[in-house]
Amino acid sequence: MAGLLDKRLWIVSGKGGVGKSTIAAALALRSARAGRRTLVCEVNTQERISRLLGHEPVGPEVTKLEDNLWAVDVRPQEAMREYALMVLRFETLYKTVFENKVVRYFLRFIPSLQELVLLGKILYHAQEKRPDGQPLWDTIVMDAPATGHAITFLRVPQVLLQTVPPGPMSREAMKMRDILEDPAVTAAVLVSLPEEMPVNETLELHAALRDQVRVRTHAAVLNASFPERFTEDDLEALVDQPELLRVARAHHDRAAQTVLAEMKLERNLHAPVHQVPRIFTDNFDRAAIQQVMGHLEPLVTGKAGA
Amino acid sequence: MNALSEALTKKRVLVCVGSGGVGKTTVSATLALRAAVDGRSSLVCTIDPAKRLANSLGLHALGNVEAEVPASALEPLGVKPRARLHAMMLDMKQTWDDLIVKHAPPDKREKILANRFYQSLSSALAGSQEYVAMEKLWELRTKRDYELIVLDTPPTAHALDFLEAPNRVLDFLDNEAAKKLLTPALAAGKIGLSLFSLGSSYAAKAISKFTGTETLQELAGFMLAIAPMNESFRERARGVRELLAAEQTGFVLVTSPGRERLDEVMHFHRLLKQNAMEVVAVVVNRVHPMPGPGLWEEAKNLIPSRRAKVEETLRELTVLAEQDARGIAELQAACEGTPLIQVPRFELDVHDIGALWRTGRYLMGDEVVAALPAA
C-alpha cells in the first residue's frame with residue numbers, strides 16, 4: 001500500500017460537516033513532522049486550520065506556522081491580483097487596468113474566473129521551484145470545498161478548456177489540468193462519517209473526481225467512527241434497565257453503522273479506508289489534532305498499523 | 001406558540017440558510033410538511049439531491065417541477081394534512097434553459113443556448129447556483145398561489161454569495177460605464193468584429209491580454225445576445241431583492257452546535273440583519289442532550305466490566321452535551337433577540353417521514369431539549 005508521502009498534492013474533500021479541516025490539519029502536521037516542507041491551503045473560507053493547530057490566523061499570505069509548516073488562506077481578490085501580475089508583469093499596469101471600475105465589472109462576469117485564480121494560485125505553488133530546480137514544496141495540502149463545490153472547483157480547468165478559445169486563460173487551464181490529472185503528483189483523500197448520507201456522498205464524489213476531473217482517490221477517512229464496545233450479552237443484560245439499554249444500544253448501533261460504512265466505502269472505492277475514532281475532548285485543539293494524526297499514520301506512511 | 005410555528009401561519013416565504021451538512025434540507029421539508037398538515041398549502045423547494053428525502057415524501061424522484069406529495073406518504077404519521085404539500089428539486093441547468101426560452105426574443109434563443117459561455121454558465125460553473133435559486137423562488141412566488149414556500153438554499157460557503165446574487169446582476173446591468181463600453185457594439189448589432197468596437201482602448205487591450213481576445217469577443221457575443229433580456233432580468237432581480245426584504249419573508253438559520261459552525265452562523269446572522277432581512281429563528285440541529293443523573297446511579301448496580309462500559313459512554317455523552325451547551329450559550333449571546341430552537345440528535349440519522357415529523361415536534365416547540373441540570 002503506497003503512502004501519501006509519495007505524492008505532492010493532497011486534496012482533502014467530502015460532505016460538508018464531516019471534519020475536512022481537522023483531517024487536513026492533521027495531515028499537514030504529519031507531513032511537516034516527516035521533515036517535508038509543507039504548505040496547507042484553505043480555499044476562500046473562514047480560516048480554521050491555523051487555529052486548530054494553535055496558531056494565529058495567517059490570512060492570504062503564505063506564512064510560516066512552525067518548523068516545515070506554512071499555511072495560506074487563498075482568497076479571490078489577492079489571488080486575482082497575483083495572477084494578473086503574473087500575466088501582466090507590471091504593478092502599474094495592474095493598477096491602471098484592474099483598479100478600473102469598468103474592467104472589474106467585466107471580469108466579474110467572466111464565469112469561473114474567480115475559481116480559476118483560486119485554483120491557479122494553489123497549483124502555482126505546486127509548481128514553484130527552489131534554485132536547485134527541486135520543487136519548493138514537498139507537500140501541498142488543499143482543504144478543498146465540500147462535494148458539489150469541490151467538483152465545480154476542480155473541474156474549472158476542463159470547463160475552461162471547453163469554453164474559452166485558445167489564449168492565456170486556456171494555457172493556464174491546461175497546465176492546471178495536467179497537474180491534477182498526474183497520479184504521481186496528486187492524490188485525493190475523501191473524508192466521510194459513518195452515516196448513510198455522508199457515505200453516499202463520498203461515493204458520488206469519488207465517481208465525479210474519477211470521471212470528471214480524473215483525480216485518483218488515494219484513500220478515505222471514516223471520521224468520528226465508533227469502535228465496538230457493547231456485546232450482545234451486554235445488551236441482553238440491560239433489558240431491565242430501559243434507559244441504560246437505550247444509551248448502550250445507541251452506541252452499539254453507531255458502532256454497527258461504522259462497520260457497515262467501512263465495508264461500503266471499501267467495496268466501492270477500491271481504496272483503503274482509515275478510521276479515526278470520535279474524539280471526546282472539551283476543546284478541539286492541537287492536542288486533539290495530534291490524536292487524530294496518530295490514527296492517520298498508516299494513511300500517510302503506507303505502513304499497516306499505527 | 002414558538003417563533004417558527006407562528007411564522008408557519010403568517011409568512012409566505014421561508015428561506016433556510018446555513019452551511020453544508022447541518023440538516024437544512026430536513027428542516028426545510030419539515031417546515032413545509034407541518035404547514036400543510038396545519039392547513040396551509042405549501043411547497044418545499046430543495047437543492048440537495050437527497051433521493052431519500054424524495055422517497056420519504058413518497059416520490060420516486062424530485063424534479064424541476066412541483067409534484068404533489070401523495071397522501072399515502074403521510075399515512076404512517078396518522079395525521080391527515082388539511083392542505084396540499086408539494087415538493088420539487090431545483091435543477092440548475094433546466095431553470096436557466098427555461099429562463100432563456102421564456103424571456104429571450106425567439107430569434108436569439110438558439111444563439112444563446114448554443115453560446116459556450118451560456119452553456120458553462122448554466123450547467124457547470126460556480127456562482128450561478130445562488131442566482132438560479134433566487135430566480136426560481138421569484139417565479140414560484142409570483143406565478144403560483146402557495147400559501148407558503150420553503151426554499152432550501154445551496155450549501156453556500158459564503159452568505160454574501162447568496163444575498164448578492166440579485167445585486168450582482170443588477171450591478172452589472174445598471175452600470176453606466178459598462179453600458180457605454182457596450183453601446184457601440186450594441187448599435188452595430190453584430191458580434192466580435194472589433195472587440196465591442198473598443199479594440200483600440202487601453203483597457204480592452206489589457207483585458208484581452210489577460211483573458212485572450214477571442215474570449216472577450218465570445219463574451220461580447222453573449223452579452224449582445226442577452227441584451228434584449230436585460231430589462232426583464234433587471235425587473236426580476238429587483239423583485240427578488242424586494243421579496244427577500246418583505247415582511248412576509250423570513251429567514252431560518254440552520255446550524256449544528258459544533259464549534260466550527262458557530263462562527264459561520266454568527267457571521268451569517270450579522271449579515272442578514274445588516275441587510276434588513278428578518279431572521280425568524282436560529283435552528284440548532286443535532287444537539288446532544290445531557291444524560292440524566294439517574295443513569296449514573298443505575299449504572300452502579302452493574303457488574304464491574306459492564307459498569308465501566310456504560311460509564312465510559314455516559315462520560316462521552318456528557319462531554320458532548322456540555323460542548324453543545326457552551327456553543328448554544330455563545331450563540332444565544334451573539335444572536336440576541338432571535339429565538340433559538342434546538343433539535344436533538346436522534347439515535348440514528350434516519351430520513352423517513354417519521355423522522356421529519358419528530359424533527360417538527362421540536363421545531364414547533366411541542367417538545368424541547370432538556371436543559372443542563374444546574375451545576
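Chain identifiers are assigned alphabetically (A, B, ...) following the order of the sequence lines, protein sequences preceding nucleic acid strands; residue numbering begins at 1 within each chain.
Remark: R214(A) CZ is loosely packed, at most 12 non-hydrogen atoms of other residues, nucleotides or ligands lying under 6.0 Å away.
Taken from OG1 in T313(B) to NE2 in H252(A), the straight-line distance is 12.5 Å, to the nearest 0.5 Å. From D263(B), atom CG reaches atom CD of E47(A) across 12.0 Å, with rounding to the nearest 0.5 Å.
There is no contact between R171(A) and chain B, counting heavy-atom distances below 4.5 Å. Neither the backbone nor the side chain of T22(A) has a heavy atom closer than 4.5 Å to any heavy atom of chain B. Proximity to chain A is limited to the side chain of L302(B), based on heavy atoms less than 4.5 angstrom apart.
The choice from L317(B), L295(B), L314(B) that makes the most heavy-atom pairs within less than 4.5 Å of chain A is L295(B).
At a threshold of 4.5 Å between non-hydrogen side-chain atoms, the residues R229(A) and E316(B) count as touching. Residues V310(B) and H251(A) form no side-chain contact, since every pair of their non-hydrogen atoms from C-beta on lies 4.5 Å or further apart.
Here the closest heavy-atom approach between residue F280(A) and residue L320(B) is recorded as CE2-CD1, 3.6 Å. Taking all atoms of both residues into account, the shortest heavy-atom contact from F346(B) to R254(A) is O-NH2, 3.3 Å.
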Item to complete: Evaluate salt bridge (Lys or Arg N to Asp or Glu O under 4.0 Å) for E195(A) paired with R345(B), printing each intermediate quantity in order.
Response: CA-CA 13 Å; E195(A) 291 166 22; R345(B) 178 177 195 122; 2.7 Å; yes
I'd like a table of donor-acceptor pairs (distance under 3.5 Å, sequence neighbours excluded) in which one partner is a side-chain atom from residues 236-250 of chain A, with atom names and distances.
unit_1, atom_1, unit_2, atom_2, d
R246(A), NH1, E347(B), OE2, 3.2

